[in-house]
Amino acid sequence: MVRRPVNRVVLGIAILLGVGAVANGVFMLASPVSWYFAVPGVTTTGPFNQHFVRDIGLIFLGVGTAFLLGAARPIHRSVSWGAAAIWLSGHALFHVWEVAVGICGPSALLRDFPAVTLPAVLAIAITVHAVSHKESIR
């Protein structure tokens with residue numbers, strides 16, 4: 001019973017990550033040009049490419065769906081949250097690599113933290129929680 005409040009927090013994080021990723025994916029698919037100019041820092045990564053933005057939009061739909069599936073179905077949590085965490089972590093590490101090789105300045109890490117690194121860290125945390133509390137999380 002002590003774990004129940006923590007479980008609500010974990011589920012809340014998963015739902016927030018899921019809704020945010022789905023919303024981002026829908027925005028990317030529905031209006032790629034608007035998305036490209038609305039998200040801070042995107043215009044500095046290269047010229048607009050509608051196909052690329054929509055491809056990544058599909059990935060965000062999948063990531064968001066994985067978080068929401070795991071929130072709704074405890075049996076799928078470890079796998080669905082883990083898969084989403086892997087992609088988000090790779091995305092965050094790619095941003096770090098861009099700074100390391102001089103494509104972007106270090107300030108990009110701070111600018112991108114809320115939308116890139118923080119979701120990856122949260123996804124890892126809730127996945128670890130789901131794996132370690134497989135029977136108790138409901």
Side-chain angles (χ1 to χ4, degrees):
M1 288 205 192
V2 173
R3 291 187 177 134
R4 193 172 285 298
V6 172
N7 291 341
R8 287 187 188 142
V9 170
V10 169
L11 288 175
I13 291 169
I15 291 167
L16 183 65
L17 288 170
V19 169
V22 167
N24 187 48
V26 168
F27 186 18
M28 293 174 87
L29 290 168
S31 187
V33 173
S34 296
W35 179 90
Y36 177 80
F37 287 106
V39 178
V42 171
T43 58
T44 66
T45 64
F48 172 72
N49 181 323
Q50 177 174 278
H51 179 94
F52 181 74
V53 172
R54 285 194 164 133
D55 278 351
I56 303 304
L58 289 170
I59 293 170
F60 272 102
L61 281 179
V63 165
T65 300
F67 284 123
L68 297 174
L69 172 67
R73 305 288 235 168
I75 194 166
H76 298 297
R77 277 188 191 143
S78 298
V79 172
S80 63
W81 291 356
I86 288 168
W87 188 84
L88 290 172
S89 297
H91 182 219
L93 289 172
F94 180 67
H95 281 241
V96 171
W97 175 82
E98 287 183 318
V99 170
V101 298
I103 294 171
C104 301
S107 64
L109 294 176
L110 289 174
R111 179 197 65 219
D112 296 344
F113 182 83
V116 176
T117 307
L118 182 60
V121 169
L122 292 173
I124 292 167
I126 66 171
T127 299
V128 168
H129 186 273
V131 168
S132 64
H133 295 84
K134 216 167 178 88
E135 295 300 317
S136 65
I137 188 165
R138 302 249 184 260

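- Checking side-chain atoms of R77 against main-chain N and O of A71 turns up a donor-acceptor pair under 3.5 Å.
- Here the shortest heavy-atom pairing between A84 and A66 reads CB-CB, 4.2 Å.
- One N or O on the side chain of T127 and one on the backbone of W81 form a donor-acceptor pair closer than 3.5 Å.
- Scanning both residues, P114 and P119, for their nearest heavy atoms gives O-CD, 3.3 Å.
- Residue F60 is grouped with residue V33 when hydrophobic side chains (ILVMFWY) are merged at heavy-atom distances under 4.5 angstrom, including chains of intermediate members.
- Taking every heavy atom of both residues into account, L61 and V22 meet most closely at CD2-O, 3.7 Å.
- The aromatic rings of H91 and W87 lie parallel to each other, their planes meeting at an angle below 30°, with 60° marking the opposite boundary.
- Following chains of ILVMFWY side-chain contacts shorter than 4.5 Å, one can reach L17 starting from I56, so the two form part of one hydrophobic cluster.
- Note on M28 and V39: same hydrophobic cluster, where clusters join Ile, Leu, Val, Met, Phe, Trp and Tyr whose side-chain heavy atoms are under 4.5 Å apart, directly or indirectly.
- The distance from atom CZ of R54 to atom CD1 of I59, rounded to the nearest 0.5 Å, is 15.0 Å.
- At distances below 3.5 Å, not a single donor-acceptor pair connects side-chain atoms of S31 with backbone N or O atoms of F27.
- Side-chain atoms of L88 and F67, non-hydrogen and from C-beta on, do get closer than 4.5 Å to each other.
- How far NE2 of H133 is from CD1 of I126: 13.5 Å, rounded to the nearest 0.5 Å.
- Taking hydrophobic clusters as Ile, Leu, Val, Met, Phe, Trp and Tyr residues chained together by side-chain heavy-atom distances below 4.5 Å, F113 shares a cluster with I13.
- Judged purely by atom type and a 3.5 angstrom limit, S89 has no side-chain atom pairing as donor or acceptor with the backbone of I86.
- Looking at heavy atoms from C-beta onward, T117 lies out of side-chain contact with D112 at the 4.5 angstrom threshold.
- Between F48 and W35, the ring centre distance reaches or exceeds 6.0 Å.
- The shortest heavy-atom contact between A92 and V116 is CA-CG1, 3.6 Å.
- The two residues V99 and A108 come nearest to each other via the heavy atoms CG2-CB, 4.5 Å.
- Atom CG of D55 is separated from atom CD of Q50 by 10.5 Å, given to the nearest 0.5 angstrom.
- A pairwise comparison of heavy atoms in S80 and L69 identifies CB-CD2, 4.3 Å as the closest pair.
- Using a 4.5 Å cut-off on side-chain heavy atoms (C-beta onward), Y36 and P32 make no contact.
- Between I103 and W97 the shortest side-chain heavy-atom distance falls below 4.5 Å.
- Hydrophobic cluster membership is shared by L118 and V10, with clusters built from Ile, Leu, Val, Met, Phe, Trp and Tyr side chains linked at under 4.5 angstrom.
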